[in-house]
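A, B, ... follow the sequence lines: proteins, then strands. Residue 1 opens every chain.
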Amino acid sequence: MADIFADFRRLVVAALDDLTASGALPPGLDTARVAVEPPRDPAHGDLSTNAAMVLARAVNENPMALAERIAAALSGRELASGDYRGAGFTAEVARPGFINIRLDAAVWQAQLRAILGAGLAYGDSGIGRGRRVNIEFVSANPTGPMHVGHGRGAVVGDALAALLVKAGFAVQREYYINDAGAQVDALARSVHLRYREALGESIGEIPEGLYPGEYLVETGQALARRDGGKWCGRPESEWLRPVGEFAVAAMMDLIRDDLSRLGIGFDAFVSERELVRDGAVDRCVGALEAAGLVYTGVLEPPKGKLPDDWEPRPQTLFRATQFGDEVDRPLKKSDGSWTYFAGDIAYHYDKFRRGFTDLIDVWGADHAGYVKRMQAAVKAMTGGGAALDVKLCQLVNLFDNGVPVRMSKRAGNFVTLREVVDEVGANVFRFIMLTRRNDQALDFDFAKVTEQSKDNPVFYVQYAHARASSVMRHAAEAALLGDAALAEAALERLTDSHELAIIRLLAGWPRLVESAAEAHEPHRVAFYLQEVAAAFHLLWTKGKDEANLRFIIGADRGLTRARLALVRGVAIVIAAGLAVFGVEPVEEM
RNA sequence: GGCCCCGUAGCUCAGAUGGAUAGAGCACCUGCCUUCUAAGCAGGUGGUCGCAGGUUCGAGUCCUGCCGGGGUCGCCA
């Protein structure tokens, strides 16, 4: 697939190889750091390479002089990008050693042809080489409906997964169900209360430590429908487990439903309880023990303010400090059961056993302190064979027209994800969640995200797509103009600087996909789409002032077709970007 | 106190793994609707990139130390 930056970089490397072959450069130069990028200032040209500056030291030559030699070696070479073949570029050296390239319009026109030819697949990349990536996200505790913070993690994880797929990775989306801890017992007791309530008992206040939320009323009723009075007046030991399992299943249904409203699905749900039951945790800790990484010891008290009930006691510990963590971490609770951490080690090892060496976890920022120990555990269990990247999602602050929406989880009146999505729509929610870096707190204002103004990035981008669609509707011959036909248009007639500027921007999409995928940063797509939208709105308004810049020129069918090709190019790239976000482009607004 | 994240225009934020004169939107001025959606566009005002050192051809970006904000800190998940 055409990527002008990658294509030109090949040309630079070929020129360097030639210089080496002819003895003009020493053998064995490392060209890994040679980059071809758009210069920040367009006045410097279309492309720019740092080759001379990066190699100057190894060659022991002044960067400017080296740049001159490389530039000379470049000139006259044939560039191949899309269906373009030729020497349509000029190279020029600038201090302190940049080589700036200007491309003929024909090169850009070929990029547009490539976009039309590829359609939504434009930007698909092979850099992933089919490597298997496992991305675990959401993993919300199965104790209630999802809240907005979970929604952010869900969208970030899903978009990152889609981005990695686009970049050529084989991605598995996973959800880890934390169904083994004490919280499940609390859930079971809560549901049992609601169950008795459903059978006509008066239950009064929900005791401290149980889940008070109204959503469990229905779960209690469902249990009553299924099992009748079976669990009434029986000791807790008899019903705790079965009711817990019923409740977890019900909560997972709730969560899956919340997720489906966002258009998010998973390839696998992995249960902590089943890992424990299968003995995976025992095997895992056993392996650590065999490696001498488990011992019984007493931890130093934490620095600063001590918890009230702190007292030294011996624990089963994992030597996390050997792998970069600050302290060794406990694997067992005092009742002999595994800690959450022990289960999580087994789970991550299980991912590795299933063939994943690239692991990504998306967590809430409150788990920041957990990152190092998990990475340490992955390192220990896989002998460095797998890498774990953790994306921490900061808080979402809800506002309504500038007024903070107060939430209290304890009082059970927190705003659920479902309420928000029902109010603003999945498309808006998803896009807005990706307009900030994941580690930056995000303000979400109900009024602003649905506002129709430039202030609102979703609207701004969608409006550009709608305008492009509108042009196509207005084109008398639009019905005859599929993308394949438009690719055959006389694109050499696209010569206006604004038109070429848009193609330049569109041609940067493959490069953006690759860099965002490698950095695991889907939000970059949102900012890129805003740039594309801005360039298109600009040209649109130009056409208001100067009739000869309008897309549809009644008297000139050839020019009209060329411009429609450009408009389609814009629509394709916006749609391809939105597809990564799981957002549907709108045709009309 | 330890660790993690953040600190960029009055406000909200980008900044492509170290590139050239640091960019958008909002706000504030000034223009642009008989014409493909003015729900938009153009121009202007606005910066010691928290502070101080260091690394090198070159630092908002990497390293060290401070300052400020947030999060977190042994059997919660």
Strand RNA chain B in bracket notation, Watson-Crick/G-U under 3.5 Å with | for pairs to another chain:
(((((((..((((.....[...)))).(((((.......))))).....(((((..]....))))))))))))....

A/Arg550: salt bridge (Lys or Arg N to Asp or Glu O under 4.0 Å) partners, not counting sequence neighbours
none

Separation of B/A77 atom C1' from A/Leu275 atom CG, nearest Å, is 15 Å

Look for any protein N or O under 3.5 Å of an N or O in nucleotides 34-36 of chain B and output each such pair with its distance, or none.
unit_1	atom_1	unit_2	atom_2	d
B/U35	O2'	A/Arg550	NH1	3.1
B/U35	O2'	A/Arg550	NH2	2.8
B/U35	N3	A/Lys544	O	3.4
B/U35	O4	A/Lys544	O	2.8
B/C36	OP2	A/Lys544	NZ	3.0
B/C36	O4'	A/Arg550	NH2	3.1
B/C36	O3'	A/His474	NE2	3.4
B/C36	O2'	A/His474	ND1	3.1
B/C36	N3	A/Phe551	N	3.4
B/C36	N4	A/Trp540	O	3.0

Test side-chain hydrogen bond (donor to acceptor under 3.5 Å, both in side chains) applied to A/Glu518 - qualifying residues, sequence neighbours left out
none

Return the set of residues passing salt bridge (Lys or Arg N to Asp or Glu O under 4.0 Å) with A/Glu326 (not counting sequence neighbours), or none when no residue passes.
A/Lys372

Could you check which residues of residues 366-374 of chain A get a heavy atom under 4.0 Å from RNA chain B? Sort them by number, please.
A/Asp366, A/His367, A/Tyr370, A/Lys372

Test of understanding: with salt bridge (Lys or Arg N to Asp or Glu O under 4.0 Å), list the residues that count as partners of A/Asp556, not counting sequence neighbours.
A/Arg493

How would you list, by chain and number, every residue that makes a side-chain hydrogen bond (donor to acceptor under 3.5 Å, both in side chains) with A/Asp366, sequence neighbours excluded?
none

Can you tell me the distance, in whole Å, between the CE atom of A/Met589 and the C1' atom of B/A38?
15 Å

N/O to N/O distances under 3.5 Å, protein versus nucleotides 14-25 of chain B:
unit_1	atom_1	unit_2	atom_2	d
B/A14	OP1	A/Arg437	N	3.1
B/A14	OP2	A/Gln440	NE2	3.3
B/G15	OP1	A/His523	NE2	2.9
B/G15	OP2	A/Arg437	NH1	3.4
B/A16	O4'	A/Arg524	NH1	3.3
B/A20	OP1	A/Arg40	NH1	3.4
B/A20	OP2	A/Arg40	NE	3.2
B/A20	OP2	A/Arg40	NH1	3.2
B/A20	N6	A/Ser48	OG	2.6
B/A20	N6	A/Asn100	OD1	2.7
B/A20	N1	A/Asn100	OD1	3.0
B/A20	N1	A/Asn100	ND2	3.0
B/G25	OP1	A/Lys454	NZ	3.2

The criterion is salt bridge (Lys or Arg N to Asp or Glu O under 4.0 Å); which residues satisfy it with A/Arg319, sequence neighbours excluded?
none

Using the test side-chain hydrogen bond (donor to acceptor under 3.5 Å, both in side chains), find all partners of A/Asp335 that sit at least two apart in sequence or belong to another chain.
A/Ser337

Using a strict threshold of under 4.0 Å (side-chain N to carboxylate O), is an ion pair present between A/Lys351 and A/Glu174?
no

Over how many whole Å does the gap from A/Asp445 atom CG to B/U12 atom P extend?
14 Å

Qualifying residues under ring pair (Phe, Tyr, Trp, His ring centres under 6.0 Å), relative to A/Tyr463, sequence neighbours excluded
A/Phe459, A/His537

